[in-house]
Each structure stands twice: as C-alpha cells, then as structure tokens.
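First up is the structure itself, then whatever we jot down about it.
Chain identifiers are assigned alphabetically (A, B, ...) following the order of the sequence lines, protein sequences preceding nucleic acid strands; residue numbering begins at 1 within each chain.
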2 protein chains.
Amino acid sequence: MDKELLDMDACSAHHLAIRDTMDVLSGKWKIRLIGSLSFGKKRFMELIGSIDGIAAKMLSKELQELELNGLVKRTVLNTKPVTVEYELTEYGYSLKPIIKEMASWGMQHRERVIRAMSVKEKV
Amino acid sequence: MDKELLDMDACSAHHLAIRDTMDVLSGKWKIRLIGSLSFGKKRFMELIGSIDGIAAKMLSKELQELELNGLVKRTVLNTKPVTVEYELTEYGYSLKPIIKEMASWGMQHRERVIRAMSVKEKV
DNA sequence: CGGCATCCAATTCGATACTG
DNA sequence: CAGTATCGAATTGGATGCCG
C-alpha cells in the first residue's frame, strides 16, 4: 500500500468536499443567516434585526440564493400588509453541525478573536 | 423562569459567536486554505497547486491575514532560491472540527450541490 | 521560489430612495 | 412589511513586470 498516495487521495477528496460546501455557503451573510434561522422561522424584518449590519438588499439576495439551493423555504402569508416567513428546510438543517462547531469555536476563542480584531483596527 | 428570554439570550450568544468565527474566516479562500494546511506543511507554490483557482495575489493576502490572526505560521528556509513553508499553529488546528464538518457535509451532499450549481449556470 | 507593485476589469457590497 | 432600483464605493481577480 502506498501511504503517500492514499494521503493524496484523501486530501483531494477532502478538498473538493470543502469547495462544494463553500459554494453553497458563499457570500458574506449566508452562514450567519442559517445560524439565525436554525432557531426557527423568522420574518424578513426579524432577520434584519437579528443579523447586525446586513442591508435589505443583501438579505434579499442571499435569501434568494439559499432558496434556490433548497436550504431555505419562503412562505408568503395572506396578511395585510404582506408577511413573509423564512425557515430552514430539512436540507438546510443538515448544515447545523457546521453552524454548531462555528458557534462553539467562537465562544471558546472569543477573547483572542476580539483582541486580534482590535489590533487590526489600529492599522 | 422565562423561556422566551432564555431562548433570546442563547440565540444572541450563538450569534455573536458565529460572527466572531466569521470575522477570522472571512474571505473567499481562508477556509479552503486551512483545509489544505490541515494535512500538513505546504509551500507557497504547493498551496497554489492544491487550491484550484486561487491567484498568487489572493493567496499571499489571505495567508498574511491568517498569520496576523495567529492561525498560520510562516517559515522562511535558508535555501537558494528561497523556500517558504506555511503551517497551522495550534490555534489554527483548533478550527479543525469546523473544517471536518464542512468536508463531511460536502461529501454527503456532493451530488445535490453539483446539480444545483449546474442549474444556476444555465441562467 | 516567493513574493510585491501596478493597472485594469468584474463582481460584491452598501446607502438611499421608491413601490405594492 | 417586504422587497426592488439605482448609484457609487469597496473588494476581488487577472495579467504583467520586477526583485532578492
């Protein structure tokens, strides 16, 4: 058995898999969006409120992309004025382990991240 | 106990944690870069070869940011011409669970991702 | 080899204004 | 409320040339 070769194969498969995942999650807000929706249904305005800094245009755009990929379901309710609800599909929920690891990492390394960011801002 | 309030706190902490993680991993290539380095040391040209589509300029830039954040260590070897090695620090390795989940998700959903991407390209 | 500098094109992002 | 339209700014990316 050629260990080197096996490693190369593993590396390359790993790599393609990560690329595929990144394709779906590309964009500045998608991961945070999914993180927010992983707590349940939310309306457009609720999402704007819960995701600090996002503009309506970007929210709209990234939601559309997530919907196209089948990760998010959009429901228009018959109210006046219109209400629209967004929620994760089952497919979307399958991303939860990733989101969970990201939240967990962020909590464990919060201090260091913030310190590093504040250094950067001085530049 | 106010369940609603507890949920809100959990949600907001979760959210800040994800935002911190995304701050560190922001940029089109960082996650794939870390994925590639998680298999061990690599030189600049090896990274260009292993990360399909990246330009030298972007590789250089994102490596610098990762180095600034302490996730990657850069070592210049005394060869002629120069050889430079990049490797994850211990802090960088702490991201491995995230990378692992991303690779795992990508492998499980590869077909669906590719199908969705090919539909998009027709537009 | 491992970069940085420059120029330029393409894409992404954000603020504001407006609509049903 | 839930968007779309539009414009300008910022980021990204490629090509080329230069340097130690």
Find out if a path of hydrophobic residues (ILVMFWY) with successive side-chain heavy-atom gaps under 4.5 Å connects B:L37 to A:L16. no
Length of the CG-P vector between B:L47 and C:dG2, whole Å: 9 Å
Residue set satisfying side-chain contact (heavy atoms from CB on, under 4.5 Å) with B:Q64, at least two apart, ordered chain then number -> B:S60
CD1 of A:I34 to CD1 of A:I99: how many Å apart, nearest 0.5 Å? 5.5 Å
I'd like to know whether the aromatic ring centres of A:H109 and B:Y91 sit less than 6.0 Å apart in this structure. yes
Within residues 68-82 of chain B, those residues having any heavy atom closer than 4.0 Å to DNA chain C are B:R74, B:P81, B:V82
Tell me: NZ of A:K28 to P of C:dT12, nearest whole Å? 13 Å
Find the distance B:R43:CZ to C:dG2:C1' and express it as a whole number of Å. 11 Å
Ignoring hydrogens and angles, write down the donor-acceptor pairs under 3.5 Å from the side chains of residues 42-49 of chain B, residues two or more places apart or on other chains.
{"residue": "B:K42", "atom": "NZ", "partner": "B:S36", "partner atom": "O", "Å": "3.0"}
{"residue": "B:E46", "atom": "OE1", "partner": "B:R43", "partner atom": "N", "Å": "2.8"}

Near-strand residues of residues 50-66 of chain B, defined as heavy-atom separation under 4.0 angstrom from DNA chain D: B:G53, B:A55, B:K57, B:M58, B:K61
Report the residues that fulfil salt bridge (Lys or Arg N to Asp or Glu O under 4.0 Å) with A:E67, sequence neighbours left out, ordered by chain and then residue number. none
Whole-Å gap separating P (C:dT12) and CG (A:L25): 16 Å
Give the rounded distance in Å between these two atoms: CZ of B:F44 and P of C:dG3. 5 Å
Out of C:dG2, D:dA2, D:dG13, whichever nucleotide has its closest atom nearest the side chain of A:V84: D:dA2
OP1 or OP2 of C:dC1 versus the side-chain N and O atoms of B:Y86: is any pair under 4.0 Å? no
Between NZ of B:K42 and C1' of C:dG3 the distance, given in whole Å, is 20 Å
Taking only distance into account, with no hydrogens and no angle test, what donor-acceptor pairs under 3.5 Å do side-chain atoms of residues 71-82 of chain A form with protein atoms, sequence neighbours excluded?
{"residue": "A:R74", "atom": "NE", "partner": "A:Y86", "partner atom": "OH", "Å": "3.2"}
{"residue": "A:T79", "atom": "OG1", "partner": "A:P81", "partner atom": "O", "Å": "2.9"}
{"residue": "A:T79", "atom": "OG1", "partner": "A:T83", "partner atom": "N", "Å": "3.1"}
{"residue": "A:T79", "atom": "OG1", "partner": "A:T83", "partner atom": "OG1", "Å": "2.7"}

Is the shortest side-chain N/O distance from A:W29 to OP1 or OP2 of C:dT12 below 4.0 Å? no
So if I apply the salt bridge (Lys or Arg N to Asp or Glu O under 4.0 Å) rule between B:E62 and each of B:K30, B:K57, B:R32, which one comes out positive? B:K30
I'd like to know if the side chain of A:T21 and the backbone of B:W105 have a donor-acceptor N/O pair within less than 3.5 Å. no
Distance in angstrom units between B:L33 CG and D:dT12 C1', rounded: 16 Å
Take atom CD1 of B:I48 and atom C1' of C:dC1, then tell me their distance rounded to the nearest Å. 11 Å
